Amino acid sequence: MEHNLMKTVKTVLVAGGAGFIGTNLCEALLEQNYKVICLDNFFTGTLENIAPMQENKNFTVIEHDICTPLDLKNIDEIYNIACPASPIQYQKDPLFTIKTSVLGAFNLLELARKNRAKILQTSTSEVYGDPTIHPQPESYWGNVNPIGPRACYDEGKRCAETIFTNYLHQYGLEVKIARIFNTYGPKMQANDGRVVSNFVIQALQNQDLSVYGTGNQTRSFCYISDLVDGLIKLMATDKECSGPINLGNPNEFTIMELAKIIIELVGGTTHTVFHSLPIDDPKQRRPDITLAKTKLNWQPQVDLRDGLKRTIEYFANKFSLHN
Ligand code: UDP
């Protein structure tokens, strides 16, 4: 009897568990009584992020780079969230970014095979590149420049989708692929150059908000708790549901609109200042989430203003910045 009860506690490996999405996912899994092994090379993840979980007896940290094979036993589920994901981080060392996506996929898939574990790959809306179909359904093959500055991330993630899909077909492994759209919230890295963290920190410091290009490009911003909920729901699906499935918030905003909302929420007297647009910056992005709604019974619950208020509070406390 006791043996059966013990078997019900699942052990989950979260590769990239000390990053923004990883930390929030680890916390949610611990709340659901999973045993969580957080694997990270601390390239963008931080010890500060995971410090509050270190006291939990169900939480273990292993410093490891997924470009190197790893051998662990008794793993039931694997989430692969290990890759620098913001343009300035993934462009710092483009070859390392590709290796992380491609070699990392092979190493974690082999680990999943040995453990007969389910494995979930976090792919990205970047597989759609600068999309010519709008909003983007999973059936769209995308518009990616294979030699541009974003390619190391986009093509690495596209290749990882291919590798995961072939492990499903060749080995019958239980794989899941989520395509994550822009996500924001507490524990974002302050220095990763993301539009939400940049704007919030600038507004809190009473600096003008740095809008790249005209600010007419669009993004659809998903609050972190919604995304984590979607990932856990996808992992819980049966074997037939391998995806890819878009996870994102379908409410679309121009970058100027985002700037105005953040200025209004933070208060103060900041304005916007224009900078040049990065090469290959997608002009529009919005997920079609029909599949997630039907297969996962999932859709985002947190509206942009509510999510931004929580994010502003997080950064204001972190840096003692209060207007
Ligand atoms: N962006 C901006 N100001 C910033 C940072 C980003 O105007 O300080 C723009 C960026 O050019 C892009 C959008 O905001 O059009 C989202 O950028 P982010 O780096 O957050 O994500 P991604 O480009 O990967 O969607």
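Keep in mind the model is a prediction, meaning the values are calculated, not measured. Whatever order the structure lists them in is the order used to number ligands and atoms, beginning at 1.
Regarding atom 23 (O) of ligand 1, its nearest protein heavy-atom neighbour is Arg150 NH2, 2.9 Å. Ranking the protein heavy atoms by distance from atom 7 (O) of ligand 1 puts Tyr212 N, 2.8 Å first. Closest to atom 20 (O) of ligand 1 among all protein heavy atoms lies Val195 N, 2.8 Å. When only non-hydrogen protein atoms are considered, atom 3 (N) of ligand 1 lies nearest to Ser210 O, 2.6 Å. For atom 21 (O) of ligand 1, the nearest protein heavy atom (residue, atom name, distance) is Arg194 NH1, 3.2 Å. Regarding atom 10 (C) of ligand 1, its nearest protein heavy-atom neighbour is Asp281 OD2, 3.3 Å.
Short contacts between ligand 1 and Ile255, defined as distances under 4.0 Å to a heavy atom of the residue, involve ligand atoms 7 (O), 13 (C), 14 (O). Against a heavy-atom cut-off of under 4.0 Å, Pro278 is close to the following atoms of ligand 1: 11 (O). Proximity to Asn182 (heavy-atom distance under 4.0 Å) selects the following atoms of ligand 1: 21 (O), 22 (P), 25 (O). Atoms of ligand 1 lying under 4.0 Å from at least one heavy atom of Gln217, given by number and element, are 9 (C), 11 (O), 15 (O). Here is the list of ligand 1 atoms found below 4.0 Å of a heavy atom in Val211: 7 (O). Listed by number with element, the atoms of ligand 1 under 4.0 angstrom from any heavy atom of Asn198 are 4 (C), 5 (C), 8 (O).
Distances shorter than 4.0 angstrom occur between a heavy atom of Pro87 and an atom of ligand 1.
Under 4.0 Å is where a charged nitrogen must lie from a carboxylate oxygen, and between Lys318 and Glu313 no such pair does. No salt bridge links Lys57 with Glu55; every basic N to acidic carboxylate O contact stays at or beyond 4.0 Å. A salt bridge between Lys233 and Asp229 is present, with a side-chain N of the basic residue lying under 4.0 Å from a carboxylate O of the acidic one.
Under the 6.0 Å distance and 45° angle rule, Arg219 does not count as a cation-pi partner of Phe253. For the pair Arg113 and Tyr171, the distance from NZ or CZ to the six-membered ring centre is under 6.0 Å and the angle to the ring normal is within 45 degrees.
Between Pro250 and Pro287 the shortest heavy-atom distance is CB-O, 3.8 Å.
To the nearest 0.5 angstrom, Leu111 atom CG is 15.0 Å from Phe106 atom CZ. Expressed to the nearest 0.5 Å, how far CG of Leu173 lies from CD of Glu110 amounts to 9.0 Å.
An N or O contact shorter than 3.5 Å is missing between Gln202 and ligand 1 by distance. Inclusion of Leu277 in the set of residues having an N or O under 3.5 Å from an N or O of ligand 1 is not warranted.
Of the candidates Glu126, Met188, Arg219, the one placing a heavy atom closest to atom 25 (O) of ligand 1 is Arg219.
With hydrogens and angles left out, the side-chain atoms of Ser197 and Gln189 include no donor and acceptor closer than 3.5 Å.
Here Phe96 and Phe43 bring their ring centres to under 6.0 angstrom of each other.
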